[in-house]
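Numbering of ligands and ligand atoms starts at 1, following listing order.
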Amino acid sequence: MKKQFLDLGKQPIANNFLHEDQYEEEQFFNISMGYDSDSGLVSLMEYVDKKVLFNENYAYKSSMSTTMRDHFNHVALSLKVQFDPGIVLEIGSNDGVFMTNFSMTPRDGMCCISVEPCSNFAEITRSKGYTTYDKFWDIDTAKEIIQDYGQVDLVYSANCMCHIPELRDAFKAVHEVLRPDGVFVFEDPSLSDMVEKCSYDQIYDEHAHIFSVMALTKLLSDCGFVTFKIDHAKTHGGSNRIYAAKSNAYTVSASVPEALNNEYELKLDKFETYCEFADRVQKSKKDLVDLLSSLKNDGNKIIGYGATSKSTIVFNYCGVGVETLDYISDTTECKQGMMSPGAHIPIIAPPEDGIADDINYAFLGAWNYEEEILKKESVFVERGGKFITHVPDVRTI
Ligand code: JHZ
């Protein structure tokens, strides 16, 4: 049974950047998280309709950072070397940052086809010549692909499986589309990282689940897969890449029991762990509100850096708005000139020569790119400017 441990209150759609004349129609949903002791899954208590979240207006673009571009190039190369796949199917291809590392058709060797329900992004990869099914991932889509291409050698998915409430159906559809010797590789933010780093801003409407290895190995096994390897990646604040096969063709690596043991040590199988996490979340909120208000009282000018889904949660949960932040800078063109969801903070394009001279502090909405951002904003740092983060605890950098 699923039992609630954290309530973040009513939250706007995390990626729904909007104009002032859209405030009246802005939608809010209850965002609270629960632990299911039967399945081990940590999931939202109430799911938001997928068509409300993933549609032609979707704003998040995967290729916006050097970190993620390098990451997906590296993963594509590593999968080619490990599995030598003929046809790869990517589920949730966004702007094609992973799939464009492969060729377009089986005729030209290792190729990649994809499924992407946000039609604005499906159009981007299609216009580059790749086959993209503008659909949600389910058994019908799997059958359509089998009809067009036959079963595929490898299914890859990044930051997408955790978006799917009906996980069992999604895994079964992957099982159907894969050849008997095929491999399913997927990566999503990890629950152990979220609990350890108190990064509660991973919890928002799109993240139907935050995955533990415990819950995934169990569910995958129920759906006919053997989990044979787990890579831990630094991306998105700490993610797990899960490798699962339909057969016993692959030896189970030590990385699987190691990841499971780590989670048992963190007591991710105990409801109390999540209650203790919820207490830390409340403290994090108080600490951030206190820090921001004391900086503001001292006359500092503060901005947000990165209009992330995560920062939507932080600002709305902590009640941070335009009285505190002058604006948020973000490199994604379609977010610029818009207002942030719920808090309605203006979003601007970052100035070409870095953070403006009159700014003293920048809240790192994109804390998961801290290294890349600190390097890029070295002038700001050298002149005494400071970043603010809440992960793993509230502090200035
Ligand atoms: P970023 C997204 O979450 C949404 P978000 C999604 N649901 C998901 O699962 C996770 O990713 C994994 C900007 N930026 O990647 C670009 C700068 O402005 O943390 C982006 O708008 N300057 C699919 O939204 C944002 O920050 C920079 O120098 O939390 C980063 O968003 C850099 C590096 C980024 O994902």
Side-chain angles (χ1 to χ4, degrees), residues 11-17 31 44 48 50 52-55 58-72 90-95 97-98 116-118 120-121 157-164 186-190 193-194 199-211 233-241 303-316 327-338 340-341 345 347-352 354-355 362-378 380-381 387 389-391:
Q11 293 283 346
I13 298 170
N15 262 311
N16 184 39
F17 300 90
I31 297 294
L44 290 175
V48 179
K50 59 190 175 193
V52 170
L53 303 179
F54 306 110
N55 51 48
Y58 192 61
Y60 179 71
K61 204 170 174 187
S62 301
S63 65
M64 282 320 289
S65 66
T66 317
T67 309
M68 291 316 289
R69 285 194 298 274
D70 291 350
H71 172 74
F72 286 118
E90 184 181 12
I91 304 175
S93 51
N94 196 271
D95 64 352
V97 62
F98 169 82
E116 173 52 65
C118 303
N120 51 339
F121 284 111
S157 187
N159 306 307
C160 177
M161 284 299 133
C162 73
H163 293 176
I164 304 179
F186 63 103
E187 57 187 86
D188 297 276
S190 101
D193 281 284
M194 183 186 84
S199 46
Y200 64 89
D201 51 351
Q202 296 285 10
I203 300 171
Y204 52 89
D205 48 15
E206 288 181 23
H207 286 172
H209 320 277
I210 304 288
F211 288 145
K234 278 186 175 171
T235 47
H236 289 301
S239 299
N240 283 322
R241 185 177 314 115
I303 60 163
Y305 199 99
T308 56
S309 322
K310 297 183 289 291
S311 63
T312 295
I313 292 303
V314 174
F315 296 153
N316 286 283
Y327 53 83
I328 306 171
S329 87
D330 195 287
T331 48
T332 315
E333 266 176 41
C334 70
K335 296 181 185 176
Q336 297 162 0
M338 309 284 271
S340 72
I345 304 166
I347 298 161
I348 65 151
E352 282 205 353
I355 298 176
F363 175 79
L364 263 182
W367 55 265
N368 42 319
Y369 303 106
E370 182 181 320
E371 222 173 276
E372 179 177 341
I373 293 171
L374 259 61
K375 211 185 282 172
K376 200 192 295 185
E377 298 294 350
S378 57
F380 171 70
V381 176
F387 285 100
T389 186
H390 65 294
V391 178

Could you go through ligand 1 and note, for every N or O atom, any protein N or O atom closer than 3.5 angstrom, writing the atom names and distance to 0.1 Å, or 'none'?
from     : atom 1 : to     : atom 2 : distance (Å)
ligand 1 : 3 (O)  : Tyr204 : OH     : 3.2
ligand 1 : 3 (O)  : Ser309 : OG     : 3.2
ligand 1 : 7 (N)  : His163 : NE2    : 3.1
ligand 1 : 7 (N)  : Tyr204 : OH     : 3.3
ligand 1 : 7 (N)  : Glu206 : OE1    : 2.4
ligand 1 : 9 (O)  : His163 : NE2    : 3.1
ligand 1 : 9 (O)  : His207 : NE2    : 2.8
ligand 1 : 15 (O) : Tyr60  : OH     : 2.8
ligand 1 : 15 (O) : Tyr369 : OH     : 2.6
ligand 1 : 18 (O) : Thr331 : N      : 2.9
ligand 1 : 18 (O) : Thr331 : OG1    : 3.4
ligand 1 : 19 (O) : Lys310 : NZ     : 2.6
ligand 1 : 19 (O) : Asn368 : OD1    : 3.3
ligand 1 : 19 (O) : Asn368 : ND2    : 2.9
ligand 1 : 21 (O) : Asp330 : OD1    : 3.0
ligand 1 : 21 (O) : Asp330 : OD2    : 2.7
ligand 1 : 21 (O) : Thr332 : OG1    : 3.1
ligand 1 : 21 (O) : Lys335 : NZ     : 2.7
ligand 1 : 24 (O) : Ser309 : N      : 2.8
ligand 1 : 24 (O) : Ser309 : OG     : 2.9
ligand 1 : 26 (O) : Asp330 : OD2    : 3.4
ligand 1 : 28 (O) : Lys376 : NZ     : 2.4
ligand 1 : 29 (O) : Ser309 : N      : 3.3
ligand 1 : 29 (O) : Lys310 : N      : 3.4
ligand 1 : 29 (O) : Lys310 : NZ     : 2.7

For the residue pair Phe363 and His390, categorise the inter-ring angle as parallel (less than 30°), tilted (30 to 60°) or perpendicular (more than 60°).
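Rings of Phe363 and His390: parallel, under 30°.
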
According to the interplanar angle, ranging from 0 to 90°, do the rings of Tyr58 and Phe121 count as parallel (below 30°), tilted (30 to 60°) or perpendicular (above 60°)?
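Geometry flag for Phe121 against Tyr58: perpendicular rings.
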
Can you name the closest pair of heavy atoms from Gly365 and Ser311 and give their distance?
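Looking at all heavy atoms of both residues, the shortest contact is CA-CB, 3.9 Å.
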
Measuring from atom CD of Glu187 to atom SG of Cys162, what distance do you get when rounded to the nearest 0.5 angstrom?
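One gets 11.0 Å once the value is rounded to the nearest 0.5 Å.
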
Using the side chain to side chain contact (heavy atoms under 4.5 Å, CB included) rule, take Trp367 and Lys310 through it: C-alpha gap first, then chi angles, then the decisive distance, then the call.
CA-CA 9 Å; Trp367 55 265; Lys310 297 183 289 291; 3.8 Å; yes

Test side chain to side chain donor-acceptor pair (under 3.5 Å) applied to Asn94 - qualifying residues, sequence neighbours left out
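Asn94 satisfies side chain to side chain donor-acceptor pair (under 3.5 Å) with Ser62 once adjacent residues are dropped.
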
